[in-house]
Amino acid sequence: VLRMLAGLGCIWVALQYKLLYPAYALEFLRLHDVNFMAALGFSQFTNEMFVMLAGLVEAELGLLIILGILPRLIGFMLAGMFTVTLLLFGPYELMGHLPLYAIAFALIAEGGGPRWSAENPTVPRRAAA
């Protein structure tokens, strides 16, 4: 359940604040120049493109979390991204991302959790005697 809700949360934030209504993210980029794509050699990469790419990556990570594909790797990626923002913006950022750190560490520790069977999702499979 945690994995499903975490994935839906990532998709919701990507849609709400980056893909459908990017004004908030664009204003944030106007105040804080964190568009690092020019430093990587993409000189024509605008803030609008950066916000859209960030939204698409966040939505895809959410979908991968829901599907249970590479959950430990995604947990490491989430923890890494949150740590970068913590280093850039200080302890205030930690308070907002603390629950997300917990989810990332749960994904790292437990992976995707138990798999459900399509035959009978509530009863675990037993080995034949």
Compute the ring centroids of Phe28 and Phe89, then answer whether they are less than 6.0 Å apart.
-> yes

Looking only at heavy atoms, the pair that brings Pro71 and Leu107 closest together is O-CB, 3.7 Å

Should Leu26 and Tyr17 be regarded as members of a common hydrophobic cluster, given that ILVMFWY residues are connected when their side-chain heavy atoms come within less than 4.5 Å of each other, either directly or indirectly?
-> no

Rounded distance [0.5 Å steps], CD1 in Ile108 versus CG in Leu73 | 9.5 Å

Do Phe45 and Leu40 pass the side chain to side chain contact (heavy atoms under 4.5 Å, CB included) test, and can you show the C-alpha distance, the side-chain angles, and the key distance before you say yes or no?
-> CA-CA 10 Å; Phe45 209 85; Leu40 296 177; over 6 Å; no

Under 4.5 Å between side-chain heavy atoms, hopping through other hydrophobics if needed: is there a path connecting Tyr92 to Leu29?
-> no

Can you hop from Met49 to Tyr24 via hydrophobic side chains spaced under 4.5 Å?
-> no

Go through the steps for Ile66 and Ile11 under the test side chain to side chain contact (heavy atoms under 4.5 Å, CB included), then give the verdict.
-> CA-CA 10 Å; Ile66 289 172; Ile11 292 171; 3.8 Å; yes

Got more than 12 heavy atoms from elsewhere within 6.0 Å of CD, Glu60?
-> no

List in chain and number order the residues that pass ring-ring contact (aromatic ring centres under 6.0 Å, His included) with Phe82, two or more places apart in sequence or in another chain; answer none if no residue qualifies.
-> His97, Tyr101

Criterion side chain to side chain contact (heavy atoms under 4.5 Å, CB included) on Val13 and Lys18, from CA distance to verdict = CA-CA 7 Å; Val13 169; Lys18 294 176 183 81; 4.0 Å; yes

hydrophobic_cluster_shared for Met95 and Leu88, side chain cutoff 4.5 Å = no

Looking only at heavy atoms, what is the nearest atom pair of Ala104 and Gly75, with distance?
-> CB-O, 3.6 Å

Co-membership, hydrophobic cluster, residues Leu78 and Leu98, 4.5 Å side-chain = yes

Rounded to the nearest 0.5 Å, how far does SG of Cys10 lie from CD1 of Ile103?
-> 8.0 Å

Rounded to the nearest 0.5 Å, the CG atom of Leu64 sits from the CZ atom of Arg3 at a distance of 11.0 Å

Should the heavy atoms of other residues, nucleotides or ligands under 6.0 Å from CD of Glu27 be counted, would the total exceed 12?
-> yes

Hey, mind stepping through Leu19 and Met52 against side chain to side chain contact (heavy atoms under 4.5 Å, CB included) and telling me if it holds?
-> CA-CA 6 Å; Leu19 297 175; Met52 182 171 288; 4.2 Å; yes

Work out which heavy atom in Glu93 is nearest to a heavy atom in Thr85; give both atom names and the distance.
-> CG-OG1, 3.6 Å

For the residue pair Ala14 and Glu58, what are the closest heavy atoms and their distance?
-> CB-CB, 3.9 Å

Leu86 and Pro91: which non-hydrogen atoms are nearest, and at how many Å?
-> CD1-CA, 4.2 Å

With rounding to the nearest 0.5 Å, note down the distance linking CG in Leu56 to CG in Leu61.
-> 11.0 Å

Report the distance from atom CG of Asn47 to atom CG of Asn35, rounding to the nearest 0.5 Å.
-> 5.0 Å

